[in-house]
2 protein chains.
Amino acid sequence: METEEAITVLASLAQPTRMQAFRLLIQHEPEGLTAGEIARRLVVPPNTLSAHLNVLSQAGLTTATRKSRSVIYRASVSRLTALTTFLTQDCCGGRGCEAQAAIICSETLT
Amino acid sequence: METEEAITVLASLAQPTRMQAFRLLIQHEPEGLTAGEIARRLVVPPNTLSAHLNVLSQAGLTTATRKSRSVIYRASVSRLTALTTFLTQDCCGGRGCEAQAAIICSETLT
DNA sequence: TCCATAATTCCAGATATATCGAAATATATG
DNA sequence: CATATATTTCGATATATCTGGAATTATGGA
């Protein structure tokens, strides 16, 4: 992932409503949730949420597919992984904070 | 790391000059760089950079210590690690994308 | 076709962020 | 103390982001 791209992804998550929406979608993988359902759960007006979901989609963190009258949103786990990889490589690239990375791994893989 | 805190860290990195400054500091661990040196390397006015460094410090991504007339900035690698841990746990918490995490680990630990 | 539901787009106002010149503060040296 | 260097703070402007009401588009059912 390029730096410019990473910044877009970082910015898209650096907003409370979008962070909540993304986490909600992560929790509902792989079925996804409709835009309306997300709006109801987060208590956010549909049009406001729509704008936020658009930002997440532009950043590649979500995908949207229409199903009948609803639009189902899903989280792109691979995109989140790509971001953490970018951050970790940015950290460790050519330097060596393997110990830190090992901590992440042990915490994650348990 | 709490969500609110993570958002602050994400926002602090979601800006080109700050991302550049942070990466520069990561590359210069553990010696650090003076504010002026960073400003020169990034070709940014000292006062503008100062504002950015302040944002990074508020987010806990950098520390500053005065040495004579200069102020030396250092990257907080542990803070970056805390962020990736937050993101990874947000991803894997109770769901299971161990495979993805393993990829990060293998790429990082090689 | 007419109506109801779901979502988005349009638009405007409010808030936040970024930028940088000028002035202020801190430190060292002659 | 006077001066030079390093950095930050102040203040003003420009730009971007967030928010939500109103209108628009898309789909399905009577």
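Per chain, numbering begins at 1; letters A, B, ... match sequence-line order. Only a predicted model underlies this, so the values are computations on that prediction, with no experimental measurement involved. All values below come from the heavy atoms of this structure, side chains included, with hydrogens, waters and symmetry mates left out.
Atom CD in B/Glu37 sits roughly 10 Å away from atom P in D/dA6 (whole-Å rounding). In this entry the distance linking CD of A/Gln58 with P of D/dT17 reads 12 Å, nearest Å. Remark: C1' of C/dA18 and CG of B/Leu53 are 14 Å apart, rounded to the nearest angstrom. One atom, CG of A/Leu56, and another, C1' of D/dT17, lie 14 Å apart when rounded to the nearest Å. A/Arg69 places its CZ atom 21 Å from the P atom of D/dT24, with the value rounded to the nearest Å. Between the CG atom of B/Asn54 and the C1' atom of D/dT7 there is a distance of 12 Å, given to the nearest Å. Distance CG (B/Leu49) to P (C/dG21): 14 Å, rounded to an integer number of Å. Remark: P of C/dA7 and CD1 of A/Ile72 are 9 Å apart, rounded to the nearest angstrom.
Note that CD1 of A/Ile38 is 6.5 Å distant from CG of A/Leu24, once rounded to the nearest 0.5 Å. To the nearest 0.5 Å, atoms CD (B/Glu2) and OG1 (B/Thr8) are separated by 11.5 Å. Atom CG of A/Leu61 is separated from atom CZ of A/Arg74 by 13.5 Å, given to the nearest 0.5 angstrom.
Both B/Arg40 and B/Ala51 lie close to DNA chain D; mapped to their nearest nucleotides by heavy-atom distance, the more 5′-ward contact belongs to B/Arg40. Mapping B/Ser70 and A/Ser68 onto DNA chain D by nearest heavy atom places B/Ser70 closer to the 5' end of the strand.
Here the side chain of A/Gln15 is nearest to one of D/dT19, C/dA7, D/dT7, namely D/dT19. Comparing C/dA18, D/dT7, C/dA7 by their nearest atom to the side chain of B/His52 picks out C/dA18. The side chain of A/Thr17 sits closest to D/dT19 out of D/dT19, D/dT9, C/dA28.
Regarding contacts with the backbone of D/dT9, every side-chain N or O of B/Ser50 stays at 4.0 angstrom or more from both OP1 and OP2. Of the side-chain N and O atoms in B/Tyr73, none sit less than 4.0 angstrom from OP1 or OP2 of D/dA6.
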Which side-chain N or O atoms in residues 47-59 of chain A pair as donor and acceptor under 3.5 Å with protein atoms at least two apart or in another chain?
residue	atom	partner	partner atom	Å
A/His52	ND1	A/Arg18	NH1	3.1
A/Ser57	OG	A/Leu53	O	3.1
A/Ser57	OG	A/Thr62	OG1	2.8

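Nucleic acid contact class of B/Arg18 (heavy atoms, under 4.0 Å, all strands): sugar-phosphate only. Among the protein residues, B/Thr48 comes within range of the nucleic acid bases, having at least one heavy atom under 4.0 Å from a base atom.
Side-chain N or O atoms of A/Arg66 include one that pairs as donor or acceptor with a backbone N or O of A/Arg69 at under 3.5 Å.
Linking Ile, Leu, Val, Met, Phe, Trp and Tyr residues whenever their side-chain heavy atoms come within less than 4.5 Å leaves B/Ile72 and B/Leu42 in two separate clusters.
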Heteroatom pairs (N/O) under 3.5 angstrom, protein to nucleotides 21-23 of chain D:
residue	atom	partner	partner atom	Å
D/dG21	N7	A/Asn47	ND2	2.6
D/dG21	O6	A/Asn47	ND2	2.6

(request) Give the intermediate values and the outcome of side-chain contact (heavy atoms from CB on, under 4.5 Å) for residues B/Thr3 and A/Arg23. (result) CA-CA 11 Å; B/Thr3 303; A/Arg23 297 184 78 169; 2.7 Å; yes

